[in-house]
Amino acid sequence: HIGSASVPTVAVGDRVLKGQRIARAEGYVSVALHAPTSGTISAISELPVPHPSGLPAPCMVLDADGEDRWYERQTTEDYAAIAPSHLRNLVRDAGIVGLGGAGFPSFIKLNPGGPQGIDQLILNGIECEPYITCDDMLIRERSNEVLDGLRIMRHALQAKRAVIAIEDNKTIAYAALVQAVKARNEDVEVVMLPTVYPQGSEKQLVEVLTGKEVPKNGLPIHIGVVVQNVATATAIFRALAHGEPLISRIVTVTGMG
């Protein structure tokens, strides 16, 4: 994630379970880290990571035991009864970051900001790059989870309105989402937009949907808008309803490689 690296809370030789927190957030722009499966921590050191810089980064090596045993999960079903500030801490502890590509800690973008509050929460269902289809497939198969995550984020932000944006080349996903909204009688607007690159970019999307331009060196929150990704919404729902921290995501595999 973007920000400060999390700090290990386990040592070499420790046995851990799937979903167990193995590193805590350090500083404000940071989130916790969790074990993706059960096994033993065999190293904590600087190691090469897949990044164009070729530079190493702090890493943990987890030797999987093949059992994939879960840590005892804590669920939070009645999110509406939780204070927004506590809700943000739960999202932070679950290690959730924006899944649109930037990896920004999601709990920060769930802060309602100043006294003007949040007028509009935009859920971005527009893929950030050509060929990527993971959000498309997510919306098709998990429309209800997307809406549940939207509800949770809207409660945390106390947003007055909610909009989900989808490109017009995702007709199946659009139809699935519209049907889910109608079936649940959700107070959510689903908008289909032309497939134009780079409309998935946050500031461009805000201007298309609201007619407002994000100020230079500013953020959408400065004009009362927050943008979150559809996959981030699903991750937040699964963290609260199923006790699943962010240890996996849907990806697209494409190209000649």
Side-chain angles (χ1 to χ4, degrees), residues 75-80 82 84 87-88 90-91 94-107 109-110 118 120-129 132-193 195 199-202 205-206 208-210 220 225-252:
T75 60
T76 309
E77 306 243 353
D78 189 11
Y79 67 87
I82 301 174
L87 199 57
R88 289 191 291 274
L90 292 175
V91 170
I96 297 174
V97 299
L99 295 176
F104 189 75
S106 298
F107 80 96
K109 289 180 72 173
L110 292 179
I118 301 301
Q120 193 167 4
L121 169 61
I122 298 173
L123 216 54
N124 189 349
I126 296 175
E127 309 287 5
C128 59
E129 298 286 345
I132 295 177
T133 56
C134 45
D135 288 347
D136 180 11
M137 190 57 67
L138 173 71
I139 295 169
R140 293 191 201 188
E141 297 190 348
R142 301 183 183 178
S143 293
N144 283 308
E145 291 189 6
V146 171
L147 292 176
D148 286 329
L150 175 61
R151 271 187 175 183
I152 294 168
M153 291 192 292
R154 191 172 183 179
H155 171 66
L157 289 164
Q158 297 293 291
K160 300 179 183 72
R161 295 184 292 154
V163 178
I164 305 176
I166 302 180
E167 291 168 301
D168 60 8
N169 65 351
K170 298 173 176 54
T171 54
I172 298 174
Y174 175 79
L177 199 51
V178 168
Q179 183 179 359
V181 168
K182 286 183 178 178
R184 295 161 52 127
N185 196 28
E186 293 278 358
D187 179 23
V188 175
E189 184 181 3
V190 182
V191 177
M192 182 179 278
L193 298 174
T195 305
Q199 199 158 238
S201 182
E202 184 175 77
L205 182 59
V206 168
V208 168
L209 288 174
T210 68
V225 178
V226 170
V227 181
Q228 295 273 15
N229 177 263
V230 290
T232 310
T234 301
I236 288 175
F237 162 71
R238 296 197 69 83
L240 268 66
H242 299 283
E244 294 178 10
L246 186 59
I247 57 175
S248 67
R249 67 157 299 153
I250 296 173
V251 298
T252 300

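Worth saying up front: this structure is predicted, and the values here are computed from it rather than measured.
For R151, the side-chain contact (heavy atoms from CB on, under 4.5 Å) criterion is met by Y79, R184, E186, not counting sequence neighbours. With sequence neighbours excluded, the residues forming a side-chain contact (heavy atoms from CB on, under 4.5 Å) with I172 are R140, listed by chain and number. Residues passing the salt bridge (Lys or Arg N to Asp or Glu O under 4.0 Å) test with E244 are R73, R238, sequence neighbours excluded.
Between L138 and A231 the shortest heavy-atom distance is CD2-CA, 3.4 Å. Between L246 and A235, the closest heavy-atom pair is CD1-CB, 4.1 Å. Across all their heavy atoms, D136 and A173 have their closest contact at OD1-CB, 3.3 Å. Smallest separation of non-hydrogen atoms from S106 and G98: OG-N, 3.3 Å. In terms of heavy atoms, V163 sits closest to V191 at CG1-CG2, 3.7 Å. Contact between L177 and S143 at its shortest, heavy atoms only, is N-OG, 3.8 Å.
Using a distance-only test at 3.5 Å, with no hydrogens or angles considered, a donor-acceptor pair links the side chain of T252 to the main chain of C134. With E127 contributing its side chain and D135 its backbone, the two residues share a donor-acceptor pair below 3.5 Å. Side chain of R154 to main chain of A159: a donor-acceptor pair is present (N/O by atom type, distance under 3.5 Å, no hydrogens or angles). Put simply, the side chain of T232 gets close to the backbone of L99: a donor and an acceptor are under 3.5 Å apart. Listed for the N144 side chain is no donor-acceptor partner under 3.5 Å among the backbone atoms of A180.
Atom CD of residue Q199 and atom CG of residue N124 lie 9.0 Å apart, to the nearest 0.5 angstrom. For the atom pair F107 CZ and I96 CD1, the distance stands at 12.0 Å (nearest 0.5 Å). In this structure, T210 OG1 and Q120 CD are separated by 6.5 Å, a value rounded to the nearest 0.5 Å. Going from atom CG of L240 over to atom CG of D148 covers 10.5 Å, rounded to the nearest 0.5 Å. With values rounded to the nearest 0.5 angstrom, E202 atom CD is found 12.5 Å from I126 atom CD1. Note that CG of L193 and CG of N169 are 11.0 Å apart. Values are rounded to the nearest 0.5 Å.
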Would you sort out whether L121 and M153 count as a side-chain contact (heavy atoms from CB on, under 4.5 Å), showing the intermediate values? CA-CA 8 Å; L121 169 61; M153 291 192 292; 4.0 Å; yes
Stepwise side-chain contact (heavy atoms from CB on, under 4.5 Å) test for Q228 and L123: CA-CA 5 Å; Q228 295 273 15; L123 216 54; 4.0 Å; yes
Step by step, work out the side-chain contact (heavy atoms from CB on, under 4.5 Å) result for V225 and L209. CA-CA 11 Å; V225 178; L209 288 174; over 6 Å; no
In sequence, state the C-alpha distance, the side-chain angles, and the governing distance for L90 and I82, and then conclude on side-chain contact (heavy atoms from CB on, under 4.5 Å). CA-CA 10 Å; L90 292 175; I82 301 174; 4.1 Å; yes
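For Q158, the CD atom is densely surrounded, since the number of other residues' heavy atoms within 6.0 Å is greater than 12.
Tested against E145 for a side chain to side chain contact (heavy atoms under 4.5 Å, CB included), the candidates I139, V230, T234 yield a single pass: T234.
Side-chain contact between E167 and Y174: absent, with no pair of heavy atoms (C-beta onward) separated by less than 4.5 Å.
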